[in-house]
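To start, the structure under review is shown below, and the notes come after it.
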Amino acid sequence: MLKILTANLNYVQDGYGPWPERCRRLRALLQAQRPAIIALQAVHVDDTRNQLRELAGDLDYHHQLFLAADTTRPQYGSAILSEIPLNAPWSFALPRDDDDEDQSPRRAIGASFTWQGEVWRLTNAHCSWVPAQNRQQVAALARALEDFSGPQCLVGDFNAPSTAPGIAHLTARGWVDAHACVGQGTGATFPADAPQNRIDYLFVHGCDRARLLATRTFPEQGAALSDHKAAMLIIAQPRETIETFR
């Protein structure tokens, strides 16, 4: 099985507990669930604090990718932790106009990896909360992902409900919303202490739906990890090939 988890870290803000406490909870979750790949949004990195390294710690996530949305210090961006080697890292600046309401620079990041003989691409997105910008960013991202012919996962904080135009745009282009396919309940992820909206997604493309086993959100109970709940997708291995011997 392949487990992929997405989580918004909410930087080092302490509305849901100081970061060191939240980091311990997240590390305990990773140890218990052992996702092979973790996509992180709202990651804080500066000269004294690196959330990616603190979270990975002595766990077996030796393959790490962080890209800031801009070049300021401290840096704010997205990251990927993986037990599986990451190849061909890439990034895509999500469009933003000078007069847009949300002036936060946003960037999708990704990499390819090989699992069970298949080359996959994972993309980690963090989109605007403003509906018009969100629609524009998701449409641009969908176009940017059309050049890959193998199986893909597109995950992250889309800041949009399942009825939003951007989400409909993705599903119309063959992206499968894993929770809608195999999840149970609403799958709501925000706000973490009283989830009402599902804004964190796990999409797949070019993968047989029969291989999607389940989605889950964390924590199931207890103290929150962030202002978002984490979401995880479990994918089955490809069917074994039966060889005919003469």
Side-chain angles (χ1 to χ4, degrees), residues 1-10 16-17 19-43 51-66 78-86 109-111 113-116 118 120 122-126 151-158 176-193 195 198-204 207 209 211-238:
M1 295 185 298
L2 176 66
K3 294 182 178 180
I4 298 175
L5 182 140
T6 180
N8 181 308
L9 297 186
N10 196 30
Y16 288 79
W19 164 245
E21 293 181 10
R22 296 193 292 110
C23 183
R24 285 193 290 271
R25 295 174 208 154
L26 277 161
R27 284 172 56 82
L29 171 63
L30 299 183
Q31 289 175 317
Q33 295 299 323
R34 296 310 309 178
I37 301 176
I38 302 121
L40 303 169
Q41 307 87 44
V43 181
Q51 286 184 295
L52 178 65
R53 292 179 183 173
E54 292 175 30
L55 183 58
D58 58 356
L59 302 179
D60 295 328
Y61 296 104
H62 302 302
H63 308 281
Q64 304 177 14
L65 172 65
F66 169 79
S78 296
I80 299 172
L81 288 172
S82 179
E83 294 180 336
I84 305 170
L86 301 173
I109 70 170
F113 63 93
T114 300
W115 179 63
Q116 296 295 320
E118 294 180 300
W120 288 68
L122 174 83
T123 300
N124 176 13
H126 189 184
Q152 297 190 69
C153 287
L154 170 59
V155 305
D157 174 9
F158 283 76
V176 176
D177 177 353
H179 178 79
C181 188
V182 296
Q184 297 183 351
T186 65
T189 58
F190 185 85
D193 51 356
R198 182 161 67 95
I199 64 173
D200 301 87
Y201 291 85
L202 301 142
F203 291 101
V204 295
C207 173
R209 292 188 184 211
R211 293 175 60 188
L212 305 182
L213 297 182
T215 60
R216 297 179 63 184
T217 59
F218 302 97
E220 295 173 336
Q221 58 184 2
L225 307 172
S226 169
D227 57 340
H228 294 239
K229 296 185 76 171
M232 186 173 75
L233 169 63
I234 306 174
I235 303 174
Q237 297 180 11

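Numbers here simply count residues along the sequence, with the first being 1.
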Any donor and acceptor pair, going by atom type alone, linking the side chain of [X] with main-chain N or O of [Y] inside 3.5 Å?
X	Y	answer
R209	C181	no
H179	R198	no
S226	N8	yes
E220	T217	no
R22	L9	yes

**OP:** Among K3, R34, H63, find the residue that satisfies the side chain to side chain contact (heavy atoms under 4.5 Å, CB included) test when tested with E83.
**Re:**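 Among K3, R34, H63, the one meeting side chain to side chain contact (heavy atoms under 4.5 Å, CB included) with E83 is R34.
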
**OP:** Not counting sequence neighbours, which residues clear ring-ring contact (aromatic ring centres under 6.0 Å, His included) with H126? List them please.
**Re:** none

**OP:** Tell me, yes or no, whether the heavy-atom count around R53 atom CZ, taken from other residues, nucleotides or ligands under 6.0 Å, exceeds 12.
**Re:**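 Not buried by this count: 12 neighbours or fewer within 6.0 Å.
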
**OP:** Check whether more than 12 heavy atoms from other residues, nucleotides or ligands sit under 6.0 Å from atom CD of Q184, and answer yes or no.
**Re:**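 Incorrect, the count does not exceed 12.
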
How far apart are the closest heavy atoms of [X] and [Y], and which atoms are they?
X	Y	result
Y61	Q64	O-NE2, 3.2 Å
G110	I80	CA-CD1, 4.2 Å
P219	L225	CD-CG, 3.9 Å

Original post:
Any ion pair linking D58 and R27 (charged N to carboxylate O, less than 4.0 Å)?
Top reply: yes

